[in-house]
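Every number for a ligand or one of its atoms is a count from 1 in the order of the listing. Since the structure is predicted, the reported quantities are computational estimates derived from the model, not experimental observations.
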Amino acid sequence: MKIVAAKSILKANDQLAGENRARFRQAGVFCVNMTGSPGCGKTTLLEHLFSSPGYAGSPGVIEGDLAGQVDAERIEKLGIPVVQINTDGMCHLDASMIAAAVEGLNLDELDLLWIENVGNLVCTAGYDLGEHLRLVVLSVPEGDDKIIKYPAIFQRSDALIITKVDLAPYCSFDLVKARADMKRLAPAAEVFEVSAKSGDGMPQVAAWLAGRQKEASSGHP
Ligand SMILES: Nc1nc2c(ncn2[C@@H]2O[C@H](COP(=O)(O)OP(=O)(O)OP(=O)(O)O)[C@@H](O)[C@H]2O)c(=O)[nH]1
Ligand SMILES: [Mg+2]
């Protein structure tokens, strides 16, 4: 009987992720992997960033969901190239799915590739997709304790985006504690507070991303 250890599956994924990253770099495309629970506001964040005045990039999007194409349709409405992956029950995307999805995009026409991962705070943490930057989105109604309870995804992210801050008066989400917990797990990570209702915090996220993209294209870390 042949037994395949999870470790070797992850190793194979890492190799494919490295190939994806090299392909993105060669095409001059900066890739962002966005994770977070179902309904935390990932697609809404993309809609805001793409619609914000002065947005000048050429983005493309890969949407990951168990089923359906609702999110891809939202992105398509904005005139942005998008490919929907249906994982058919899998709780995360992996590097082979991204390699296949990229075939549906013309990388030469893009400078930024967003991957909206399947809504999940656990499984998505273990899979490198070939991204240059990983974001984790946490919404105020989920509670500030999620950072402590699901540490891996927060530890492995370059930024935490706290969404739905307009709901803070109705939920006991301690923003100071959330920032402190994130600092402990990922000292170098940025933390943003945003609201899609008011638009607060969106320009700061857009400016930070543009800076990271610029650094990457000029060969800086
Ligand atoms: N009040 C408030 N609602 C928000 C905000 N951002 C998103 N929402 C709402 O939250 C719900 C879920 O938003 P989505 O953007 O679809 O969430 P998602 O993370 O993409 O969801 P999945 O792809 O299903 O995991 C929608 O009803 C949004 O209108 C926000 O900043 N404030
Ligand atoms: Mg979504």
Side-chain angles (χ1 to χ4, degrees), residues 31-52 55 59-94 97-98 101 104-105 112-127 129 131 133-144 146-147 149-150 153-154 157-175 178-179 190-206 208-209:
C31 180
V32 181
N33 175 9
M34 177 167 50
T35 64
S37 296
C40 64
K42 299 180 292 299
T43 312
T44 305
L45 182 67
L46 288 181
E47 289 170 329
H48 264 260
L49 291 174
F50 297 154
S51 313
S52 65
Y55 186 80
V61 179
I62 294 174
E63 286 288 351
D65 284 292
L66 269 68
Q69 54 192 54
V70 177
D71 282 0
E73 285 168 359
R74 287 168 65 181
I75 300 299
E76 202 166 44
K77 259 192 202 154
L78 302 172
I80 287 163
V82 58
V83 173
Q84 176 81 55
I85 297 174
N86 281 157
T87 61
D88 200 18
M90 284 258 281
C91 53
H92 61 86
L93 297 176
D94 67 27
M97 296 179 199
I98 298 305
L105 293 166
L112 177 60
L113 176 62
W114 281 93
I115 300 170
E116 180 181 339
N117 217 316
V118 177
N120 190 303
L121 277 183
V122 184
C123 316
T124 50
Y127 287 80
L129 304 179
E131 70 268 18
L133 204 67
R134 193 184 286 195
L135 308 184
V136 59
V137 176
L138 175 66
S139 65
V140 159
E142 291 170 68
D144 54 42
K146 298 304 168 290
I147 300 169
K149 291 168 78 173
Y150 301 86
I153 191 81
F154 293 93
S157 294
D158 299 294
L160 163 63
I161 303 186
I162 303 172
T163 54
K164 311 191 189 183
V165 292
D166 53 286
L167 299 179
Y170 314 103
C171 311
S172 48
F173 188 104
D174 186 337
L175 286 162
R179 281 180 175 276
E190 296 287 333
V191 180
F192 298 96
E193 297 170 18
V194 308
S195 165
K197 284 274 172 237
S198 65
D200 284 354
M202 296 292 179
Q204 286 83 344
V205 175
W208 176 74
L209 277 165

(message) Could you identify the N, O or S atom of Asp71 positioned closest to the Mg ion (ligand 2)?
(response) OD2
(request) Determine which of the N, O or S atoms in Glu116 is closest to the Mg ion (ligand 2) and give its atom name. (result) OE2
Pairwise side-chain contact, [X] with [Y], heavy-atom cut-off 4.5 Å (strictly under):
X	Y	value
Leu113	Leu105	yes
Thr44	Arg74	yes
Ile75	Trp114	no
Asn33	Ile98	no
Thr43	Glu63	yes
Met202	Leu45	yes
Phe173	Ile162	yes
Leu160	Ile147	yes

Write out the residue and atom name of the closest protein heavy atom to [atom], then the distance separating them to 0.1 Å.
atom	result
atom 21 (O) of ligand 1	Gly39 N, 3.0 Å
atom 18 (P) of ligand 1	Lys42 N, 3.4 Å
atom 5 (C) of ligand 1	Lys164 CG, 3.4 Å
atom 17 (O) of ligand 1	Gly41 N, 3.1 Å

If you count the atoms of ligand 1 from 1 in the order shown, which ones are under 4.0 Å from a heavy atom of [X]?
X	result
Ala196	5 (C), 6 (N), 30 (C), 31 (O)
Pro38	25 (O)
Leu167	1 (N)
Lys197	1 (N), 2 (C), 32 (N)

(message) Less than 4.0 Å from atom 25 (O) of ligand 1, is there any heavy atom belonging to the protein?
(response) yes
May I ask whether [X] has any heavy atom positioned less than 4.0 angstrom from an atom of ligand 1?
X	result
Glu47	no
Ser195	yes
Arg74	yes

(request) Measure Leu45 to ligand 1 on non-hydrogen atoms and call it side chain, backbone, both or neither using the 4.0 Å cut-off. (result) neither
(request) Could you tell me whether Val137 approaches ligand 1 through its side chain, its backbone, both or neither, with non-hydrogen atoms closer than 4.0 Å? (result) neither
(request) Indicate yes or no: does Glu193 engage Arg179 in a salt bridge with an N to O separation below 4.0 Å. (result) yes
(request) Pick out which of Val32, Ile62, Asp71, Thr35 makes a side-chain contact (heavy atoms from CB on, under 4.5 Å) with Glu116. (result) Asp71
(request) For atom 15 (O) of ligand 1, state which one of Thr44, Val118, Val165 supplies the nearest heavy atom. (result) Thr44
(request) Closest by any non-hydrogen atom to atom 2 (C) of ligand 1: pick that one out of Asn117, Val70, Asp166. (result) Asp166
(message) I'd like to know if the side chain of Arg134 and the backbone of Ile153 have a donor-acceptor N/O pair within less than 3.5 Å.
(response) no
(request) Report yes if Cys40 has an N/O atom closer than 3.5 Å to an N/O atom of ligand 1; otherwise report no. (result) yes
(request) Return the orientation label for the Phe192 and Trp208 ring planes: parallel under 30°, perpendicular over 60°, tilted otherwise. (result) tilted
(message) Under 2.8 Å from the Mg ion (ligand 2), is there any N, O or S atom belonging to Thr44?
(response) no
